[in-house]
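Everything numeric in this text was worked out from a predicted model, so none of it was measured.
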Amino acid sequence: MEIRYASSNKDAKLYTTERLRDEYLIENLFTANILKLVYSHFDRIIIGGCCPTTETVVLEGSKELGSDYFLERREMGIINVGGHGIVTLDGEEFKLNNKDAIYIGLGIKNVTFKSIDSNNPAKFYINSAPAHKKYPTVKISLEDARKVHLGSLETSNKRTINQYIHPDVCQSCQLVMGMTALEDGSVWNSMPCHTHDRRMEVYFYFDMAEDSRVFHFMGEPNETRHIVMKNDEAVISPSWSIHSGVGTGSYTFIWGMVGENQTFTDMDHVAMCDLR
């Protein structure tokens with residue numbers, strides 16, 4: 001498991017492009033038959049990816065967690081962004097089609113991942129957070145997700161926010177997770193931008209053409225920076241940072257938040273005139 005330590009807003013102002021990428025960008029999430037996990041000390045979220053092709057991949061505990069098994073004191077959300085796959089939890093199988101999600105409460109000991117068709121493998125995108133209470137495991141389809149429609153074509157940000165792991169859909173301790181789909185012709189996300197000092201956030205960009213890129217904006221509102229991202233990459237957003245982006249083509253992104261509350265609308269909005 002890779003460890004990423006928390007960084008100061010004061011230090012981030014001085015980072016080079018390469019240092020920004022080293023601190024916040026997560027690449028190569030989907031390597032065949034490998035479970036990649038990144039532990040961030042921002043609210044102790046774990047970001048991961050798993051692409052099982054010819055093998056069943058097992059989620060195991062690690063020294064970094066100080067527990068006998070991964071979900072001993074954690075909860076987890078998974079969204080499949082690839083072909084059909086199966087997540088097995090203590091012997092019970094859950095089939096996840098493309099854009100299906102599952103919430104897994106603490107206490108599940110045995111977790112495995114496999115694809116139904118190795119030629120079109122599943123790609124399980126993972127967020128995990130510390131948990132204080134066990135809530136039931138819930139599979140959530142795209143149709144089950146709560147829909148919020150925002151933006152307009154005139155401002156190039158017409159989009160649908162699909163809230164999967166959200167208090168109006170299923171119970172969780174602190175993890176909130178969903179997927180935002182932009183309409184054709186819209187390329188901006190989360191603009192006008194905001195911060196929420198109560199929660200950190202991770203964005204994962206996918207459904208992008210090979211030669212397309214997203215310019216992801218971060219930093220304090222008066223000290224913005226950007227990270228250029230390609231398909232199937234994630235970026236860590238500290239609680240002091242904006243998190244917004246614009247694409248050279250179409251894309252979809254998954255957001256995951258952990259922190260003090262689960263109130264999706266608890267945002268500190270930033271006026272466009274205050275951005276620098």
Side-chain angles (χ1 to χ4, degrees), residues 3-27 38-45 47 127 129 148 150-159 161 163 174-180 182 186-205 208 212-230 233-249 251-276:
I3 302 296
R4 302 278 184 99
Y5 290 99
S7 53
S8 164
N9 54 334
K10 296 178 181 178
D11 291 340
K13 297 176 183 181
L14 307 177
Y15 289 168
T16 63
T17 295
E18 201 58 39
R19 180 69 185 276
L20 284 170
R21 296 174 70 85
D22 288 345
E23 292 286 336
Y24 306 115
L25 180 65
I26 302 174
E27 304 172 281
V38 175
Y39 186 115
S40 170
H41 278 263
F42 285 113
D43 287 304
R44 299 189 179 273
I45 192 172
I47 306 101
N127 283 177
V148 178
L150 294 175
S152 68
L153 291 177
E154 290 75 17
T155 50
S156 302
N157 66 348
K158 189 173 184 181
R159 61 202 188 276
I161 298 173
Q163 297 171 336
Q174 63 167 321
L175 180 63
V176 181
M177 196 172 180
M179 180 180 68
T180 298
L182 281 75
S186 288
V187 293
W188 279 99
N189 74 71
S190 309
M191 184 63 78
C193 61
H194 62 265
T195 60
H196 30 67
D197 205 42
R198 280 71 60 194
R199 300 187 304 274
M200 64 81 64
E201 192 160 4
V202 177
Y203 275 13
F204 165 73
Y205 292 97
M208 294 168 58
S212 186
R213 294 293 184 269
V214 166
F215 287 71
H216 179 83
F217 296 98
M218 62 159 298
E220 292 181 289
N222 62 345
E223 283 277 356
T224 59
R225 302 291 187 268
H226 73 269
I227 297 175
V228 180
M229 300 179 60
K230 62 183 180 180
E233 292 184 338
V235 61
I236 298 168
S237 177
S239 59
W240 45 260
S241 175
I242 66 168
H243 33 281
S244 182
V246 61
T248 62
Y251 64 92
T252 307
F253 71 99
I254 292 171
W255 43 267
M257 293 184 286
V258 299
E260 290 292 342
N261 65 28
Q262 295 180 306
T263 307
F264 185 84
T265 55
D266 179 15
M267 306 172 186
D268 299 315
H269 295 281
V270 179
M272 296 296 285
C273 61
D274 292 332
L275 283 177
R276 296 290 187 271

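Atom CD in Glu220 sits 4.0 Å away from atom CG in Asn9 (nearest 0.5 Å). The CG atom of Asn189 sits 11.0 Å away from atom OG1 of Thr252, with the distance rounded to the nearest 0.5 Å. For the atom pair CD1 of Ile3 and OH of Tyr39, the computed distance is 7.0 Å after rounding to the nearest 0.5 Å. Within the model, atoms CD of Glu233 and CZ of Arg21 stand 6.5 Å from one another, a figure rounded to the nearest 0.5 Å. Residue Ile47 holds its CD1 atom at 13.0 Å from CD1 of Ile254, rounded to the nearest 0.5 Å. Interatomic distance, Glu18 CD to Leu25 CG, rounded to the nearest 0.5 Å: 9.5 Å.
Here the closest heavy-atom approach between residue Leu153 and residue Lys158 is recorded as N-CB, 3.8 Å. In terms of heavy-atom proximity, Asn127 sits nearest to Leu175 at O-CD2, 3.7 Å. Minimum interatomic distance between Trp188 and Leu182 (heavy atoms only, all atoms of both residues): O-CD2, 3.4 Å. Between Glu260 and Arg199, the shortest heavy-atom distance links the atoms N-CG, 4.3 Å. When all heavy atoms of Glu23 and Ser7 are compared, the pair lying nearest together is OE1-CB, 4.1 Å. Of all the heavy atoms in Ser190 and His243, the pair that sits closest is CB-O, 3.2 Å.
Counting non-hydrogen atoms of other residues, nucleotides and ligands closer than 6.0 Å to NZ of Lys13 gives a total above 12.
Side chain of Ser40 to main chain of Phe42: a donor-acceptor pair is present (N/O by atom type, distance under 3.5 Å, no hydrogens or angles). Within the 3.5 Å criterion, the main-chain N or O of Thr17 finds no donor-acceptor partner in the side chain of Arg19. In this structure, Thr195 contributes its side chain and Asp197 its backbone to no donor-acceptor pair below 3.5 Å. Side chain of Ser244 to main chain of Cys193: no donor-acceptor pair is present (N/O by atom type, distance under 3.5 Å, no hydrogens or angles). Counting only distance, with no hydrogens or angles, the side chain of Tyr24 and the backbone of Ala234 share no donor-acceptor pair below 3.5 Å.
Between Val214 and Lys230, the closest side-chain pair of non-hydrogen atoms is not below 4.5 Å. Between Phe217 and Val246 the shortest side-chain heavy-atom distance falls below 4.5 Å. Residues Leu275 and Thr224 have side chains in contact (heavy-atom distance under 4.5 Å, counting atoms from C-beta outward). Side-chain contact between Asn157 and Arg159 is present, with at least one heavy-atom pair separated by less than 4.5 Å.
Ring-plane geometry between Phe215 and His226 is classed as tilted, the angle between the planes lying from 30 to 60 degrees on a 0 to 90 degree scale. Using cut-offs of 30° and 60° for the angle between ring planes, the Tyr205 and Tyr203 rings count as perpendicular. Note: His194 and His269 have perpendicular aromatic rings, judged against thresholds of 30 and 60 degrees for the angle between ring planes.
Salt bridge status for Arg198 with Asp268: present, with a side-chain N to carboxylate O gap under 4.0 Å.
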Are Ile227 and Met229 close enough, and set up right, to give a side-chain contact (heavy atoms from CB on, under 4.5 Å), and what steps lead you there?
CA-CA 6 Å; Ile227 297 175; Met229 300 179 60; 4.0 Å; yes
Evaluate side-chain contact (heavy atoms from CB on, under 4.5 Å) for Val176 paired with Gln163, printing each intermediate quantity in order.
CA-CA 8 Å; Val176 181; Gln163 297 171 336; over 6 Å; no
Can Phe264 and Met257 be said to form a side-chain contact (heavy atoms from CB on, under 4.5 Å), step by step?
CA-CA 9 Å; Phe264 185 84; Met257 293 184 286; 3.8 Å; yes
Could you go through Leu150 and Ile161, starting from their C-alpha distance and side-chain angles, then the distance that decides it, and tell me whether this counts as side-chain contact (heavy atoms from CB on, under 4.5 Å)?
CA-CA 8 Å; Leu150 294 175; Ile161 298 173; 3.3 Å; yes
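If you check the side chains of Asp22 and Tyr15, you find no donor sitting under 3.5 Å from an acceptor. Between the side chains of Asn261 and Asp266, a donor-acceptor pair is found at a separation under 3.5 Å. For Ser212 and Thr248, the side-chain atoms include at least one donor-acceptor pair closer than 3.5 Å.
Between Trp240 and the options Met200, His196, Met218, a side-chain contact (heavy atoms from CB on, under 4.5 Å) holds for only Met218.
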